[in-house]
Amino acid sequence: MKQVFKSSCPLNCWDSCGFEVTVENGKVVKVEGDKDHPITQGKICGRGRMLETKTNSNKRLTVPLKKVDGNFKEISWKQALDEIAEKMSDIKELYGPTAVLHSHDYANNGLLKNIDKRFFNCFGGATHLVGSICWGSGIEAQTWDFGSSDSHAPDDILHSQHIVIWGRNVARTNMHLFQKLQEAKKQGATITVIDPIYNATAKISDQYISIKPGMDGLVAIGIMKVLIQENKEDTNFIEKYTVGYNDLLELLNQFTIDEICSKAEITLSEIEYLASIYINGPTSTFLGLGMQRYANGGNTIRLIDALVAISGNVGVRGGGANFGNIQVGKSFSMNALALGDKKTESRTFTMMEQADGILKSIDPTIQMIIVTCGNPVAQVPDSTKIMKAFQSVETVVVIDHFLTDTAEMADYVLPATTVFEEEDIYYASMYHHYVNYGEKLVEPPGEAKSDLWIWTQLAERLGFGKEFSYTRDEFLKIGMMGLESEGITLEKLKEEKRLPLPVNHTPWNDMKFSTLSGKFEFTSELGSIKGFVGKPQYLFPVESEHTNPALAEKYPYQLLSIHPLRSNHSQHYVLIEAMQSVKIEVSEDIAIEKQLAEGDKVRIHNSRGELNGSVKIMKKAHPKTINVDEGLWQKFGGSVNLLTPDRVSDNGQGSTLYDCLVGLEKIE
Ligand SMILES: Nc1nc2c(c(=O)[nH]1)N[C@H]1C(S)=C(S)[C@@H](COP(=O)(O)OP(=O)(O)OC[C@H]3O[C@@H](n4cnc5c(=O)[nH]c(N)nc54)[C@H](O)[C@@H]3O)O[C@H]1N2
Ligand SMILES: Nc1nc2c(c(=O)[nH]1)N[C@H]1C(S)=C(S)[C@@H](COP(=O)(O)OP(=O)(O)OC[C@H]3O[C@@H](n4cnc5c(=O)[nH]c(N)nc54)[C@H](O)[C@@H]3O)O[C@H]1N2
Ligand code: SF4
Ligand SMILES: [Mo]
């Protein structure tokens, strides 16, 4: 018998879509969009649709594995859990809990995926990861400027006169914003795209501005200079609601327009065009995550925030500096779920520098790594170093659906359930403000178990089972505790499947900012307290001809590694054979210079590593630009992270993945 159920996409993505899932004879047979979802309205992408293939794939892990003499052997859950718990207990006694590293990313948007935090807190602590490879620089930057990183509601764009898509690959990564863009365009709004790659969003834009990677802050400075020259700054806002404006002016005076144009490789008329867009608002700015993955990433976002602020686009309908939307996640009672007070010890590594953290750890050295919702061997910068770090640790445990590059390096691999095999609620703190319900629809294959079950079993063996003696519903209710007064309960969510969370649809419209001063801060007090430069700055990327000419001569091309169209990071490559090889996309000037045709074999390299692959030519991309989509497994030809640096960004919280120079040679 066929039955259709409402469910939700768990993937780490802007859109957090609603699904309708067809189940026949205990098997998921189709995943489609839910037309009743208020935001996603029946449209989903191929990655979501492929969750059916993922769920039914015969490549899935279905039994616990243990590495014995270099080979994986199937073992029982009892043996796996007994042995892991015993090792954890010994490690805690001998070295303390921080000898265990919890390595993770955010591969699943389920609320109950946060139970891992509860587990490690009850264990007494652990070494845990801070900052984010993904969006760390930008979140920190907006926290300094506004007090938080909050976006306008999706429909607010329909109030915009102009829309600037600044380094976000909307058509590929944020499909429902793409739809809204088309709607806004029909109503007469203009769309401007600023990006080194002429992507599918650029194709529908009124104006495409090709920029040299890493130079966006400089362009923001140029626009602000023109705006102020024309006396178009919002003096009322600046005087009443900001601090540090003189520091901003001082910075603007350090650069001439000519210098800006030549270094960012854009024209004066493009800067003037952008200034006119910001002057004749309301103008909404959608900041992408690509342009903050540079050594200057935090300041890039801060300078664009400053531009949005002085042009009168903060707190107004149709405006906004839209980056993350972390007010969504803040709706949940995370500490009640995570029991932060239970930990007695703690140590942190940044997510970017986890390899160095492991290799250099002393007192205690890392004895065990537990990986959940992450594939660091493919996704974390400087793969060679990551592999060396993982190899150096006595015991590595990986919980996953597939035998990923990271799982291959493990001593224990534990098979996890996928979205349709467990109940959870899903949301993304990125774009819209709806929480979605997803019930358990089918039984997992073989012996696959939910992450929650695994933590509960380990907790029982380690003596804190009491903290895990709750049902899934009870845990969900704990996480939703703070929402009850808003009338948002688990029962209601189960009934209605989608509920709006209580967020501000026009952030900062009351002009009350959650910074220390209560104002918009061009000069950040929090930044200074944390030991960084609180004044706005322009810094050049670290790997560029402006900062390191010798390096730029040796490795003349900028390597980007943007998100793939058909995969969510590393998750879909195993399911799509056509994706299992390295594709190296080059700008047209590189193809001419190196006499390359599509399909030619080339090698890209730098001091960290190399990658061989076949050429594709990117039409209209900024000169000297190369892209290799991220996510490919090492075993399918190599992850682009073999080449990327593991430095942290200027505000200590983000990655510098795209701040990466390479050389290229044709190979026969
Ligand atoms: N298909 C697909 N969608 C996804 C994901 C996926 O893996 N696949 N991942 C999801 C996740 S976790 C995230 S974080 C988001 C990311 O969403 P996006 O921010 O849209 O994606 P990115 O691939 O990080 O990069 C975005 C854009 O930044 C541009 N860029 C790079 N450097 C610069 C620069 O210096 N200046 C400017 N102006 N632009 C620059 C790139 O050319 C690219 O067009 O996407 C989500 N959606
Ligand atoms: N070079 C380069 N590197 C990048 C990026 C880039 O742009 N360029 N982007 C960065 C960004 S934005 C992000 S967000 C990260 C993403 O990095 P990751 O989150 O590590 O990548 P994913 O491939 O999404 O997922 C990792 C693993 O989690 C598993 N998984 C999924 N759901 C579950 C679950 O419910 N339980 C368990 N236990 N496991 C699960 C998947 O099977 C997969 O193997 O990558 C970063 N790395
Ligand atoms: S991956 Fe993103 S766009 Fe695709 S179905 Fe999931 S939430 Fe929607
Ligand atoms: Mo991300």
Side-chain angles (χ1 to χ4, degrees), residues 6-18 34 37-40 106 108-118 121 132 134-135 138-140 142-143 146-156 174 176-177 315 320-341 373 419 423-439 452 470 472-510 512-515:
K6 302 256 187 211
S7 183
S8 307
C9 186
L11 295 173
N12 181 3
C13 173
W14 298 98
D15 294 66
S16 200
C17 292
D34 171 13
H37 192 288
I39 306 287
T40 65
Y106 300 99
N108 181 308
N109 279 339
L111 179 66
L112 294 189
K113 295 297 156 180
N114 293 290
I115 290 286
D116 52 4
K117 298 192 186 86
R118 185 184 189 95
N121 286 332
S132 165
C134 171
W135 62 355
I139 296 290
E140 184 70 2
Q142 294 211 316
T143 305
F146 297 96
S148 179
S149 177
D150 295 341
S151 285
H152 289 222
D155 268 339
D156 186 68
N174 190 183
H176 298 92
L177 173 58
N322 302 284
F323 180 75
N325 201 7
I326 58 177
Q327 52 179 344
V328 174
K330 284 180 185 163
S331 308
F332 297 94
S333 305
M334 215 47 94
N335 199 44
L337 264 187
L339 298 179
D341 301 338
C373 291
V419 53
E423 180 194 32
D424 210 336
I425 64 175
Y426 302 89
Y427 61 91
S429 297
M430 296 177 80
Y431 179 54
H432 69 74
H433 55 284
Y434 277 79
V435 56
N436 300 325
Y437 178 67
E439 66 187 292
L452 177 58
Y470 299 92
R472 286 189 92 90
D473 268 21
E474 283 166 343
F475 272 129
L476 287 172
K477 281 183 183 161
I478 294 173
M480 292 177 76
M481 220 156 55
L483 289 164
E484 227 160 83
S485 58
E486 307 278 343
I488 300 170
T489 59
L490 182 61
E491 288 74 23
K492 192 169 170 197
L493 182 58
K494 282 188 184 192
E495 210 176 287
E496 302 195 12
K497 313 296 182 198
R498 334 279 175 204
L499 288 175
L501 293 164
V503 301
N504 186 351
H505 293 206
T506 319
W508 323 117
N509 56 344
D510 56 2
K512 292 198 180 97
F513 296 91
S514 33
T515 52

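The analysis underlying the following values was restricted to heavy atoms, covering all of them including side chains, and did not include hydrogens, waters or symmetry mates.
- Residues L476 and D424 are in side-chain contact: their nearest non-hydrogen atoms beyond the backbone lie under 4.5 Å apart.
- Here CD1 of I139 is found 8.5 Å from OG of S429. Values are rounded to the nearest 0.5 Å.
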Chi angles and distances behind the side-chain contact (heavy atoms from CB on, under 4.5 Å) call for T40, H432: CA-CA 9 Å; T40 65; H432 69 74; 4.2 Å; yes

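- Residues H505 and H433 have side chains in contact (heavy-atom distance under 4.5 Å, counting atoms from C-beta outward).
- S149 places no side-chain N or O within 3.5 Å of a backbone atom of Q142 that could act as its donor or acceptor partner.
- By the 4.5 Å heavy-atom criterion applied to side chains, P502 and I488 are counted as neighbours.
- Using cut-offs of 30° and 60° for the angle between ring planes, the F332 and Y427 rings count as parallel.
- In this structure, W135 and I326 have side chains that are in contact, with non-hydrogen atoms separated by less than 4.5 Å.
- Rounding to the nearest 0.5 Å gives a distance of 12.0 Å between CG of N114 and CZ of F475.
- Nearest heavy-atom pair across L337 and G479 is CG-CA, 4.0 Å.
- By the 30° and 60° cut-offs, the orientation of the rings of W508 relative to F146 is parallel.
- The two residues K113 and D116 come nearest to each other via the heavy atoms O-OD1, 3.0 Å.
- Residues N12 and N109 have side chains that never bring a donor and an acceptor to within less than 3.5 angstrom of each other.
- Note that CZ of R118 and CG of N335 are 10.0 Å apart. Values are rounded to the nearest 0.5 Å.
- Tested against Y431 for a side chain to side chain contact (heavy atoms under 4.5 Å, CB included), the candidates P154, C13, S16 yield a single pass: P154.
- Sequence neighbours left out, the pairs with a member in residues 478-493 that pass side chain to side chain donor-acceptor pair (under 3.5 Å) are K477-E491.
- Between I115 atom CD1 and N121 atom CG the span is 11.0 Å, to the nearest 0.5 Å.
- S333 and M481 make their closest contact through OG-CB, 3.7 Å (heavy atoms, listed as atom of the first residue, atom of the second, distance).
- Between H37 and H176, the gap from one ring centroid to the other reaches at least 6.0 Å.
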Derivation of the side-chain contact (heavy atoms from CB on, under 4.5 Å) call for N174 and M430: CA-CA 10 Å; N174 190 183; M430 296 177 80; over 6 Å; no

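- The main-chain N or O of G438 is never found under 3.5 Å from a side-chain atom of S7 such that the two would form a donor-acceptor pair.
- Across every non-hydrogen atom of S331 and V503, the tightest pair is OG-CG1, 4.5 Å.
- Rounding to the nearest 0.5 Å gives a distance of 7.0 Å between CG of N504 and CG of D510.
- Checked by atom type and distance alone, the side chain of D15 never pairs as donor or acceptor with a backbone atom of C17 at under 3.5 Å.
- Of all the heavy atoms in L483 and L501, the pair that sits closest is CD1-CD2, 3.8 Å.
- Checked for salt-bridge contact, R498 and D34 meet the test: a charged N lies under 4.0 Å from a carboxylate O.
- Considering CD1 of I425 and CG of L111, their distance stands at 4.5 Å, rounded to 0.5 Å.
- Using a 4.0 Å cut-off between charged side-chain N and carboxylate O, K494 and D473 make a salt bridge.
- Between the side chain of N325 and the main chain of S151, a donor-acceptor pair closer than 3.5 Å is present.
- Exactly one residue among E496, E423, K6 makes a side-chain hydrogen bond (donor to acceptor under 3.5 Å, both in side chains) with Y437. That residue is E423.
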